[in-house]
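Let me begin by presenting the structure, written as structure tokens, before commenting on it.
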Amino acid sequence: MKFVRVALSVPLSKLFDYVAASADEGDVGRRVVVPFGKKIAVGIIMAVSDNTALEREQLRKVIGIERDGSPLPRDVLQLLKFCSDYYHHPIGEVVLNALPTRLRRRHALKAISAGAFRLTATGRSIVPGELPSRASCRRDLMKFLGDNPSGVDEIALLAIASSARAALRDLIRLGWVERCTAPAIEPGSECLMVAESPQLTEEQAAAVSLIRQHPHGFAPWVLRGVTGSGKTEVYLRLVADTLKDGGQVLVLVPEINLTPQLESVIRARFPSTHVVSLHSGLSESERLQGWRAAESGTARIVLGTRLAIFTPLPALRLIVVDEEHDTSFKQMEGLRYSARDVALVRAKDRGVPIVLGSATPSLETFAKAESGQYKVAVLTKPVNATRSTIDLIDTRQSQLIDGLSQELDRKS
């Protein structure tokens, strides 16, 4: 007889044993529906065992193991266990809160079609850039499909924008897009297209060269650059290197309102690459689609706020934490954690480099950089900045009008 140890979203620091005759080691990380008191609960299988410390009459049977998707990978489970132990928070609440909301419900998961779409002959004759500016979602869909003529997975298309499903229906109705039986692009197999990049400054080139010296294995880097010095361009060069190697990239930003701007820059630089955003501003369906795309490896770049650190990424090769000093990376309710610190733990466990970018690094990051625990790359000069001219005006001998000198009034 087999037993499973299940994490449930309850304020208790323990796992719960259930009888599951059909369970095996491949079910570790899968969702499971179990009776809990007078209710039915959804949990995650953390272990499968041949024995249990409970008496037989104390045990209850699982209602069902959800095998409709991939289980949470071992590295994510290990990371969640670390957070539970380090931050002293119940393991069940940690694990379940890391899932998209729809996956925490018994009947809320609807199978997402694994079909693919491609442009028709008519669609290939359409130039996306000539579509109206208000049809931005259609333009993005058409461009993505045009860059991948053999077909694009539906999950990848729907994760482009919240209105992608409606836009896709419109494109099918117009005869520009059709379903195809050809396999969707496999993770890492797409042709990497990189838009024209600006020329690097000497400092940017030096920073990229330094970080490229450690492309593999855990290496924490601090990219300290004044505002406007081009830290984003350094990120993009490193992201391009990772994509060429077939890897995935996780980019963390502190605020939701920073996500669209950076996302547009990334999409413009890598037009053929599937990019998803994960943050609390998404609907449940949008977050599930993006999460599934990242979990399957279809999404090559994942851009998100602090909760995105727990996203399954099978081919993770690089983590970037932008504005690492920002306190928004700290969750202050429920599981109280620092996404930046968890990102460092994940990078170390996966053996991948991590870049912490900031104009004003936090004290702990600065101290570790000074002690040599973190490697440092510095950008001291703003890109394309003009030198400011400052005139000193002696107002002691001037007549002030509303506190302003006449000289200042003339110059303005």
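Reckoned from all heavy atoms, side chains included, excluding hydrogens, waters and symmetry mates. Values in this document were obtained by computation on a predicted structure and should not be read as measured data.
- Using a 4.0 Å cut-off between charged side-chain N and carboxylate O, Arg346 and Asp349 make no salt bridge.
- For Phe366, the CZ atom counts as loosely surrounded, since its 6.0 Å shell holds 12 or fewer non-hydrogen atoms of other residues, nucleotides or ligands.
- Ionic pairing of Arg118 and Glu178 is present here: one or more N-O contacts between side-chain nitrogen and carboxylate oxygen are shorter than 4.0 angstrom.
- For Asp24 and Lys2, the salt-bridge test fails: no basic side-chain N is under 4.0 Å from an acidic carboxylate O.
- Rounding to the nearest 0.5 Å gives a distance of 4.0 Å between SG of Cys83 and CZ of Phe310.
- The backbone N or O of Val33 lies less than 3.5 Å from no partner atom in the side chain of Glu66, so there is not a single donor-acceptor pair.
- Salt-bridge check for Arg30 with Asp27: passed, with a basic side-chain N closer than 4.0 Å to an acidic carboxylate O.
- The local environment of CD in Glu25 is crowded, with over 12 non-hydrogen atoms from other residues, nucleotides or ligands closer than 6.0 Å.
- Looking at Thr380 and Glu203, their side chains do bring a donor and an acceptor atom within 3.5 Å of each other.
- Within a 6.0 Å radius of CD in Gln213, more than 12 heavy atoms belonging to other residues, nucleotides or ligands are found.
- Ser283 and Ser285 form no side-chain donor-acceptor contact under 3.5 Å, judged by distance and modelled atom types alone.
- Once rounded to the nearest 0.5 Å, the distance linking CD of Glu324 with OG of Ser362 reads 4.0 Å.
- In this structure, Arg269 pairs ionically with Glu233, as a charged nitrogen and a carboxylate oxygen lie closer than 4.0 Å.
- A salt bridge is defined here as a Lys NZ or Arg NE, NH1 or NH2 lying under 4.0 Å from an Asp or Glu carboxylate O, and Glu286 with Arg165 fails to meet this definition.
- Relative ring orientation between Phe144 and His274 is described as tilted, the plane-to-plane angle lying within the 30° to 60° band.
- With hydrogens and angles left out, the side-chain atoms of Ser358 and His325 include a donor and acceptor closer than 3.5 Å.
- No more than 12 heavy atoms of other residues, nucleotides or ligands lie within 6.0 Å of CZ in Arg134, so this atom counts as exposed by the packing criterion.
- Residues Arg104 and Ser9 have side chains that never bring a donor and an acceptor to within less than 3.5 angstrom of each other.
- Considering OG of Ser405 and CG of Asp394, their distance stands at 10.0 Å, rounded to 0.5 Å.
- If you check the side chains of Gln331 and Arg306, you find a donor sitting under 3.5 Å from an acceptor.
- For CD of Glu364, the number of neighbouring non-hydrogen atoms (other residues, nucleotides, ligands) closer than 6.0 Å is greater than 12.
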